[in-house]
**Q** 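Here you go, one structure.
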2 protein chains.
Amino acid sequence: MGLTKSEIFTEKQNEISGIAKVFGHPARVAILQYLFKIDSCICGDLVEEIGLAQPTISQHLKELKNVGLIKGSIEGTSICYCIDKENWSSMKAIISEFLNQDLNTNNCC
Amino acid sequence: MGLTKSEIFTEKQNEISGIAKVFGHPARVAILQYLFKIDSCICGDLVEEIGLAQPTISQHLKELKNVGLIKGSIEGTSICYCIDKENWSSMKAIISEFLNQDLNTNNCC
DNA sequence: TTATTATATTGCAATATTACGATTAATAAT
DNA sequence: ATTATTAATCGTAATATTGCAATATAATAA
């Protein structure tokens with residue numbers, strides 16, 4: 001089918017997997033790393049930086065924007081993207097909680 | 001195409017996205033949460049617990065096993081799965097480093 | 001107005017993922 | 001031996017994702 005049965009899972013489970021899915025492509029990881037590295041808004045040069053065609057980058061940016069991890073503002077003829085740090089923090093809290101599940105468990109095998 | 005261009009990204013970027021991709025489905029999130037919750041090997045009942053067909057669960061388990069997050073041992077007619085806590089820890093370190101990128105940055109916008 | 005520049009959208013082809021019925025393989029129980 | 005149980009694999013259908021060429025849009029510049 002190819003259609004995830006979201007309705008049988010909890011909201012939390014869908015939230016966690018939804019965030020993780022966005023991180024599940026190296027181009028989006030690379031874009032986020034670059035935005036953190038330059039630590040400012042970036043207008044343009046992402047296409048050269050990443051090495052994919054402009055429409056492809058645009059699509060990945062859209063997904064990052066949809067999930068709220070980045071935001072863009074119009075700056076003359078170009079658009080400036082940067083990390084939405086507030087959303088990044090809350091996202092980080094959700095994922096961290098999931099990752100730290102192991103801290104409350106014993107070793108069974 | 002539908003084919004990710006892994007070769008243009010760093011090994012780290014591919015590693016991060018590879019792990020995240022596994023978390024990118026609610027069934028796999030649910031399986032991991034359940035394994036942590038019962039905090040022991042589990043033989044069977046995952047199919048009833050999650051609510052997907054047996055072959056589907058089996059496929060998700062395979063992906064979790066491929067990336068090393070769980071391990072299974074044969075126990076008579078059934079197979080016992082549990083979290084591979086050592087691998088979980090190293091995976092967590094990789095993802096945490098990525099998530100904590102924001103700690104070294106200023107607020108630009 | 002007409003370029004120019006930067007980004008988004010559309011349309012499409014190729015590949016990947018999700019899901020499940022049917023089958024298989026392996027052991028356990030009778 | 002036969003039958004039941006459990007989980008993997010195979011085959012297949014449906015949907016999603018990735019990537020890019022072509023085109024559209026939007027804002028400035030000439």
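Reckoned from all heavy atoms, side chains included, excluding hydrogens, waters and symmetry mates. Order of the sequence lines fixes the chain letters, A, B, ..., with proteins taken first and strands second; residue numbering starts at 1 for each chain. Being a predicted model, the structure only gives us computed values, none of them experimental.
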**Q** Anything under 30° is parallel, anything over 60° is perpendicular, the rest tilted; go ahead and classify B/H25 against B/H60.
**A**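 Taking B/H60 first and then B/H25, their aromatic rings sit tilted (interplane angle of 30° to 60°).
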
**Q** So, is A/K21 close to the C/dT17 phosphate, meaning a side-chain N or O under 4.0 Å from OP1 or OP2?
**A**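 For C/dT17, neither OP1 nor OP2 has a side-chain N or O of A/K21 closer than 4.0 Å.
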
**Q** For the pair made of CD in B/E63 and C1' in C/dA16, what is the distance, rounded to whole Å?
**A**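 The answer, rounded to whole Å, is 10 Å.
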
**Q** Would you say the side-chain atoms of A/Q13 pair up with the backbone N or O of A/T10, donor to acceptor, closer than 3.5 Å?
**A**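 Yes; at least one donor-acceptor contact below 3.5 Å.
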
**Q** Taking the side chain of B/L61 as heavy atoms from C-beta outward, which of D/dG19, C/dT18, D/dA8 is closest to it?
**A**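 Per side-chain heavy atoms of B/L61, the pick is D/dA8.
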
**Q** With nearest nucleotide decided by heavy atoms, which residue, A/P55 or B/I74, maps closer to the 5′ end of DNA chain C?
**A**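 It is A/P55, whose closest nucleotide lies nearer the 5' terminus.
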
**Q** Choose from D/dG19, C/dA16, C/dT9 the nucleotide whose nearest atom is closest to any side-chain atom of A/H25.
**A**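 Nearest listed nucleotide: D/dG19.
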
**Q** I need the CD-P distance between A/Q54 and C/dT7, as an integer number of Å.
**A**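 Going from CD in A/Q54 over to P in C/dT7 covers 8 Å.
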
**Q** Any donor-acceptor pair under 3.5 Å between the side chain of B/Q59 and the base of D/dA8?
**A**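 Side chain to base: no pair below 3.5 Å.
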
**Q** Quick check on C/dA6: is either OP1 or OP2 less than 4.0 Å from any side-chain nitrogen or oxygen of A/Y81?
**A**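 No, no such contact exists.
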
**Q** Under 4.0 angstrom, heavy atoms only, what part of the nucleic acid is B/L52 near: base, sugar-phosphate, or nothing?
**A**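 Sugar-phosphate, no base atom in range.
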
**Q** Verify the neighbour count for atom CD of B/E11: are there more than 12 heavy atoms of other residues, nucleotides or ligands below 6.0 Å?
**A**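 For B/E11, atom CD is not crowded (no more than 12 foreign heavy atoms under 6.0 Å).
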
**Q** Kindly say whether the aromatic ring centers of B/F23 and A/F23 come within a distance under 6.0 Å.
**A**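 No, the ring of B/F23 stays outside the 6.0 Å limit from the ring of A/F23, centre to centre.
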
**Q** Return no unless some side-chain N or O of A/K62 is found under 4.0 Å from OP1 or OP2 of C/dT7.
**A**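 For A/K62, the contact criterion (side-chain N or O under 4.0 Å from OP1 or OP2 of C/dT7) is not met.
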
**Q** What's the closest nucleotide to the A/T4 side chain, out of D/dA7, C/dT18, D/dC20?
**A**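 Looking only at heavy atoms from C-beta outward on A/T4, the closest nucleotide is C/dT18.
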
**Q** Measure CD/B/E48 against P/D/dT5 and give the value in whole Å, please.
**A**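 Distance check: B/E48 CD to D/dT5 P gives 13 Å.
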
**Q** Consider the side chain of A/S78, meaning its heavy atoms from C-beta on, and name the nucleotide among D/dA8, D/dT18, C/dA6 that approaches it most closely.
**A**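 My answer, after comparing the listed nucleotides, is C/dA6.
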
**Q** Side chain of A/L3 only, please: which of D/dA16, D/dG19, C/dA8 is the nearest?
**A**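 Taking heavy atoms from C-beta onward, the closest nucleotide is D/dA16.
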
**Q** Looking at every heavy atom in both A/I16 and A/I95, which two are closest together, and how far apart are they?
**A**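 What the structure gives for the nearest pair is O-CD1, 4.1 Å.
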
**Q** Please tell me if B/S58 has a side-chain N or O lying less than 4.0 Å from either OP1 or OP2 of D/dA8.
**A**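 Looking at the OP1 and OP2 atoms of D/dA8, one of them is under 4.0 Å from a side-chain N or O of B/S58.
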
**Q** Does a nitrogen or oxygen in the side chain of B/T77 sit under 4.0 Å from OP1 or OP2 of C/dA26?
**A**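 So the side-chain polar atoms of B/T77 never come under 4.0 Å of the phosphate oxygens OP1 or OP2 of C/dA26.
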
**Q** Round to a whole Å and report the spacing from CD1 of A/I8 to C1' of C/dC20.
**A**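 Spelled out: CD1 on A/I8 to C1' on C/dC20 is 13 Å.
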
